[in-house]
Amino acid sequence: MRGLQLRLEGRIVKRAVARRPDMRWPLPPGLAAALTGARIAGFRRRAKYILMRLDSGWSVLIHLGMSGRMLVEPVGRNDITLHEHIELETDDGWRVGFVDPRRFGSVDLIETDREDQHKLLAGLGPEPLDDAFSTPVLDAALAGKKTPIKAALLDQKIVAGLGNIYVCEALFRAGISPLRQAHTIPGARSRRLVPAIKETLTEAIAAGGSSLRDYVQTNGELGYFQHAWKVYGREGLPCPACQSDETCDGVRRIVQSGRSTFYCTRKQR
DNA sequence: CAAGAATCCTGTCAGC
DNA sequence: TGCTGACAGGATTCTT
């Protein structure tokens, strides 16, 4: 969002093209028309959604899914053409592409004054970096939940914006087993978990995110938080907390609700 | 109702 | 080199 904001805020969309509508959700038929000629007033992020506000009273809601990226480059460079499903051009010579090979991402239109009532935003939990995301708030959301804490943290209704990598990393930092039932978290564990989530995200944002394969910033640069991963993607490697302790088997990989979980069975309980 | 599985789609990589 | 299967940052919808 910040990469888009840098180049697009205040600019006028000179040209917009929507090439294929069959994304995760069908693109709204009026998307290109709504963009063309509009001035981009500003940006906002909610959970994993980017909201681009137009001066027409409409907002463009963007979700990148798993493989989506926004490309921002000078007109004429055209780095990517394959899987570029939406393209726009500004009045000052910049080109923006919405690139998404898997098409798990999508874009929608919503009136700006009704943004939070959009079906995809309406039920979301608190922003993890807001003061509103606190130990008592998390405790209330986890009360009575029998699902593993790993699945609960991926549930956007409980806290909004955490994905698989950052859940694994935050649970490691908090010393909590991903298998532990959610209702057993409130108390001392929750008081470690909430700060662990905030610290993980804050550090990752400062590092420009985690570049695994196709995730890059809007200027094409890689994030570098992947070098700071302590457990994610590190199956079989020594646990950075236990180091040479021979009672630690190192980082283990399991599958929970169809997603990989990485953790240390010694440090995380 | 809650929890877990299946699903959408394409690309990449390991193993044979 | 080419084939096959597993796996990938997500989130909804379908089953149990």
Side-chain angles (χ1 to χ4, degrees), chain A residues 1 3 19-27 45-50 61-71 80-86 97-108 118-125 128 141-171 178-185 197 200-201 203-205 207-218 221-236 252-262:
Chain A
M1 186 207 74
R19 295 205 176 79
R20 62 182 301 173
D22 53 333
M23 303 297 293
R24 179 66 173 86
W25 299 281
L27 295 186
R45 181 198 56 76
R46 174 74 171 111
K48 296 171 188 169
Y49 298 92
I50 297 168
L61 178 74
I62 301 166
H63 195 290
L64 300 175
M66 298 256 265
S67 59
R69 57 175 290 203
M70 302 298 301
L71 171 74
I80 292 188
T81 49
L82 193 63
H83 302 305
E84 189 176 280
H85 309 307
I86 301 170
F98 176 80
V99 181
D100 185 7
R102 292 175 77 179
R103 284 183 283 121
F104 284 4
S106 200
V107 171
D108 202 4
H118 191 284
K119 189 169 178 277
L120 297 168
L121 303 191
L124 292 170
L142 298 180
K145 285 224 164 280
K146 292 186 76 176
T147 194
I149 185 61
K150 165 77 187 306
L153 293 178
L154 283 173
D155 182 348
Q156 306 293 298
K157 296 189 288 297
I158 291 178
V159 53
L162 289 179
N164 202 35
I165 293 173
Y166 299 123
V167 168
C168 290
E169 293 298 311
L171 286 172
L179 296 163
R180 175 174 281 284
Q181 295 197 347
H183 68 85
T184 69
I185 297 299
I197 289 169
T200 303
L201 290 178
E203 289 175 29
I205 291 165
S210 301
S211 291
L212 179 46
R213 34 192 80 202
D214 34 25
Y215 175 82
V216 288
Q217 303 180 62
T218 54
E221 283 176 20
L222 301 177
Y224 52 89
F225 192 70
Q226 64 277 15
H227 304 301
W229 292 346
K230 301 197 190 314
V231 287
Y232 187 87
R234 299 180 58 83
E235 184 181 17
R252 189 162 162 223
R253 174 182 176 272
I254 59 172
V255 175
Q256 289 180 288
S257 45
R259 319 284 312 273
S260 284
T261 299
F262 298 89

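To find a chain, count down the sequence lines: A is the first, B the second, and so on, and within it residues start at 1. Quick caveat, the model's predicted, so the values are computed rather than measured.
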Closest to the 5' end of DNA chain B, once A/L82 and A/R24 are matched to their nearest nucleotides, is A/R24
Which word best sums up how the rings of A/Y232 and A/F262 line up, parallel for under 30°, tilted for 30 to 60°, or perpendicular for over 60°?
perpendicular
Interatomic distance, A/K119 NZ vs C/dT12 C1' [rounded to whole Å]:
8 Å
Quick one: does A/R103 reach the base of B/dC9 with a side-chain donor-acceptor pair under 3.5 Å?
no
If you compare every side-chain N and O of A/S260 against the phosphate oxygens of C/dA8 (OP1, OP2), does one of them come in below 4.0 Å?
yes
Gap in Å between the two C1' atoms, one belonging to B/dG11 and one to C/dT12, rounded:
23 Å
Could you check how far CZ of A/R102 sits from C1' of C/dA8, rounded to whole Å?
5 Å
Sub-3.5 Å donor-acceptor pair from the side chain of A/T200 to the main-chain atoms of A/Y166, do we have one?
no
When you compare the protein's N or O atoms with those of nucleotides 2-5 of chain B, which come within less than 3.5 Å of each other, and at what distance?
unit_1: B/dA3; atom_1: OP1; unit_2: A/K146; atom_2: N; d: 2.7
unit_1: B/dA3; atom_1: OP1; unit_2: A/T147; atom_2: N; d: 3.2
unit_1: B/dG4; atom_1: OP2; unit_2: A/T147; atom_2: OG1; d: 3.2

Between C/dA11 and B/dC1, how far is it from one P atom to the other, in whole Å?
23 Å
Taking 4.0 angstrom as the limit, do A/R19 and A/E84 come out as a salt bridge?
yes
Shortest non-hydrogen pair, A/W229 vs A/R234, comes out as O-CD, 3.3 Å
Once you round to the nearest 0.5 Å, how far does CG of A/L124 lie from CZ of A/R46?
5.0 Å
Stem list, DNA chain B (Watson-Crick or G-U pairing under 3.5 Å, at least 3 consecutive pairs)
B:2-8 with C:10-16, B:10-16 with C:2-8
Pairs under 3.5 angstrom only: tabulate donor-acceptor contacts from the side chains of residues 145-152 of chain A to other protein residues two or more places apart or in another chain.
unit_1: A/K150; atom_1: NZ; unit_2: A/N164; atom_2: OD1; d: 2.9
unit_1: A/K150; atom_1: NZ; unit_2: A/S260; atom_2: O; d: 3.2
unit_1: A/K150; atom_1: NZ; unit_2: A/T261; atom_2: OG1; d: 2.7

Expressed as a whole number of angstroms, how long is the span from A/L64:CG to C/dA11:P?
10 Å
Compare side-chain N and O positions of A/H83 against OP1 and OP2 of B/dC9 and report whether any pair is under 4.0 Å apart.
no
Using OP1 and OP2 only, check whether a side-chain N or O of A/K48 sits under 4.0 Å from C/dG9.
no
Compare every heavy atom of A/A160 with every heavy atom of A/P128, then report the nearest pair and how far apart it is.
CD-O, 2.8 Å
Could you check how far OH of A/Y49 sits from P of C/dG10, rounded to whole Å?
12 Å
Please give, in whole Å, the distance from C/dG9 P to A/F262 CZ?
8 Å
Looking only at side-chain N and O atoms, does A/R253 come under 4.0 Å of OP1 or OP2 in C/dC7?
yes
CD1-CZ distance between A/I165 and A/R259, expressed to the nearest 0.5 angstrom:
9.5 Å
Could you tell me how far apart A/L154 (CG) and C/dG9 (P) are, to the nearest whole angstrom?
10 Å
Distance, rounded to the nearest Å, where A/I165 contributes CD1 and C/dA8 contributes C1':
10 Å
Given C/dG9, is OP1 or OP2 found less than 4.0 Å from the side-chain N or O atoms of A/Y232?
yes
Write down the atom of A/L27, the atom of A/V107, and the distance for their closest heavy-atom approach.
CD2-O, 3.5 Å
Look at A/D22 together with A/R103 and state whether they make a salt bridge at an N to O cut-off of under 4.0 Å.
yes
Under 4.0 Å from OP1 or OP2 of C/dA11: is there any side-chain N or O of A/H63 that close?
yes
Atom-to-atom span, CZ of A/F104 to P of C/dC7 - whole angstrom
16 Å
